[in-house]
Amino acid sequence: MISKFFIYRPKFAFVISIIIVIAGLIAIENLPVAQYPEITPPEVSVTTNYPGASAKTVEETVIDPIEQQINGVEDMIYFTSESASDGSAKITVSFEVGSDPDMNTVNTQNRVAIATPQLPEEVMKEGVTVKQQSSDLLLVVALFSDENIYDEIYLNNYAYINLIDPIARVPGVGQAQLFGEEQYAMRVWLNPNKLTSLGISTDEVVDAVMQQNTQVAAGQIGQAPTPQGQQYQFTIQTQGRLANVEEFENIIIREDPSGAMVKIKDVGSVELGAQSYSAFSLVNNRPAALIGVYQLPGANALQVANGVNKVIEEYKQSFPKGIKAASLYDTTLFVKASVQEVVSTLFIAVILVIVVTFIFLQNWRSALIPTIAIPVFFDWYFCRVIGFRLFH
């Protein structure tokens, strides 16, 4: 008898239907994007670098001490490690499905901190990074010059300075890294014959570079307590870190009491190049910088991809002339296509329901009422789903 109540009160029925439609439209934005549990184990990556070391040396001096401490961390399933000839080291720790990614990162960080004092001094200076990340690569963004104006080193350096940090700040991004990273670095080439004739070892050259290429806090003149009548206070500023090839060439390796000096340019040469040439990137046979984006476990891939693309579009406005950016690899294209197919299927289903209703009733006026009820039903369903999520 409920239907009779609404039949004799159509205005009341219209008001309820309008309220349901409005509530359903609001609920659509809050529908769940995933209703199934996570099946991919959350991962935490531990990365560092040992400059100049071979893959075997990295394994024995860096990876082994860290593995000994990480082994058995809470909720761990297994871990894998990689060492490369460029001195890089990476350990990926996989944890139980459903474990807290934040706690996994904290527990791994605590174990790595125990192993840090056992690492070589050069590795400790480079630092050990512990981050949580998804095992799947979400996006690959390429930065390239369509007219070959810029080389690969410039593109990598530009991407590292201007794009890596903004992309990493996008909500849901676990890691943004450059593939085949080639940052600017001063490369010192030594002539072994000249070193031998002067009796200079490579350690002396390294020590000279480290001592003379440093930032020093020189202090102040006239700082309190001062004698009566002192009126001025000055901050002493020193040269600090060296900035160009000429300054590095003039680093003094050895100096005799007579005043004779041996500089780097006397036993070798200096050039501005890449920190590492172990890998390179090309797009359409042109130099490029590739940025890989990994999402955090449980993050919405569509929202993360849209956020990254929005950042790229914003920074395109300030790119130097000749630099372009493009997405080479996007795992969300399949998801977007699937969502579009669902919408299309839903639209086709509504059209079929209307056609079938008209065929059976043979009257447009009679078919209009159930046709209007279709969006009311869908909106009621959306409200029901949201209500179930809120109260259960």
Side-chain angles (χ1 to χ4, degrees), residues 38-140 156 160 164 167-168 173-183 185 274-281 290-299 329 331:
E38 294 288 339
I39 60 174
T40 304
E43 295 183 348
V44 175
S45 65
V46 182
T47 57
T48 186
N49 190 53
Y50 191 173
S54 63
K56 183 177 181 181
T57 302
V58 173
E59 180 183 359
E60 294 175 349
T61 61
V62 179
I63 291 182
D64 286 349
I66 297 179
E67 283 182 347
Q68 292 175 4
Q69 299 299 331
I70 290 180
N71 187 31
V73 67
E74 185 178 356
D75 292 331
M76 185 196 79
I77 304 176
Y78 59 88
F79 62 82
T80 59
S81 58
E82 302 174 11
S83 59
S85 57
D86 61 352
S88 61
K90 181 177 182 180
I91 302 176
T92 303
V93 188
S94 299
F95 293 86
E96 293 284 352
V97 176
S99 59
D100 187 353
D102 294 330
M103 287 305 302
N104 295 339
T105 306
V106 172
N107 293 335
T108 305
Q109 176 68 63
N110 293 338
R111 295 295 187 96
V112 171
I114 299 175
T116 300
Q118 306 176 32
L119 303 179
E121 184 178 354
E122 292 79 2
V123 176
M124 296 175 63
K125 291 180 179 178
E126 292 285 332
V128 182
T129 303
V130 180
K131 287 184 178 180
Q132 57 173 295
Q133 70 174 28
S134 172
S135 58
D136 298 325
L137 182 63
L138 180 66
L139 291 171
V140 175
N156 275 270
Y160 180 81
I164 290 295
I167 291 176
V173 172
Q175 183 181 4
Q177 74 173 84
L178 281 168
F179 295 142
E181 183 176 344
E182 295 187 12
Q183 298 181 36
Q275 184 175 356
S276 173
Y277 289 94
S278 58
F280 61 92
S281 306
L290 300 183
I291 304 175
V293 181
Y294 296 85
Q295 71 181 78
L296 288 173
Y329 177 78
T331 59

Rounded to the nearest 0.5 Å, how far apart are [atom1] of [X] and [atom2] of [Y]?
X: T61; Y: I66; atom1: OG1; atom2: CD1; answer: 9.5 Å
X: Y50; Y: E121; atom1: OH; atom2: CD; answer: 9.5 Å
X: E126; Y: T47; atom1: CD; atom2: OG1; answer: 11.0 Å

- Evaluate the criterion side-chain contact (heavy atoms from CB on, under 4.5 Å) for residue pair I291 and I164; output intermediate values, then yes/no. CA-CA 8 Å; I291 304 175; I164 290 295; 3.8 Å; yes
How far apart are the closest heavy atoms of [X] and [Y], and which atoms are they?
X: P51; Y: E122; value: CD-CB, 4.4 Å
X: A53; Y: V58; value: CB-CG2, 3.9 Å
X: Y329; Y: L137; value: CE2-O, 3.6 Å
X: I167; Y: A176; value: CG2-CB, 3.8 Å

Do any N or O atoms from the side chain of [X] and from the backbone of [Y] form a donor-acceptor pair under 3.5 angstrom?
X: T48; Y: G127; result: yes
X: N107; Y: V73; result: no
X: S88; Y: N49; result: no

Validation: residues 111-120 side-chain donor-acceptor distances under 3.5 Å, sequence neighbours left out:
unit_1, atom_1, unit_2, atom_2, d
R111, NH1, Q69, O, 2.6
R111, NH1, N71, O, 3.4
T116, OG1, V112, O, 2.9

- Message: Applying side-chain contact (heavy atoms from CB on, under 4.5 Å) to L138 and Y294, what does each step give before you reach the verdict?
- Response: CA-CA 5 Å; L138 180 66; Y294 296 85; over 6 Å; no
For a quick test of your reading: what N or O donor-acceptor pairs under 3.5 Å do the side chains of residues 96-104 make, sequence neighbours left out?
unit_1, atom_1, unit_2, atom_2, d
S99, OG, E96, O, 2.7
S99, OG, N104, ND2, 3.0
D100, OD1, D102, N, 3.1
D102, OD1, Q132, NE2, 2.9
N104, ND2, D100, O, 3.2

Could you tabulate the donor-acceptor pairs under 3.5 Å formed by side-chain atoms of residues 74-85, not counting sequence neighbours?
unit_1, atom_1, unit_2, atom_2, d
S81, OG, E67, OE2, 2.8
S83, OG, A55, O, 3.2

- Item | Trace of the side-chain contact (heavy atoms from CB on, under 4.5 Å) decision for T108 with V46 | CA-CA 9 Å; T108 305; V46 182; 3.9 Å; yes
- Task: Evaluate the side-chain contact (heavy atoms from CB on, under 4.5 Å) criterion for residues V140 and V293: first the C-alpha distance (whole Å), next the side-chain angles of each, then the deciding distance (0.1 Å), finally the verdict.
- Result: CA-CA 6 Å; V140 175; V293 181; over 6 Å; no
- Query: When you check the side-chain N and O atoms of T57 and S54, is any donor under 3.5 Å from an acceptor?
  - Reply: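 Short answer, yes.
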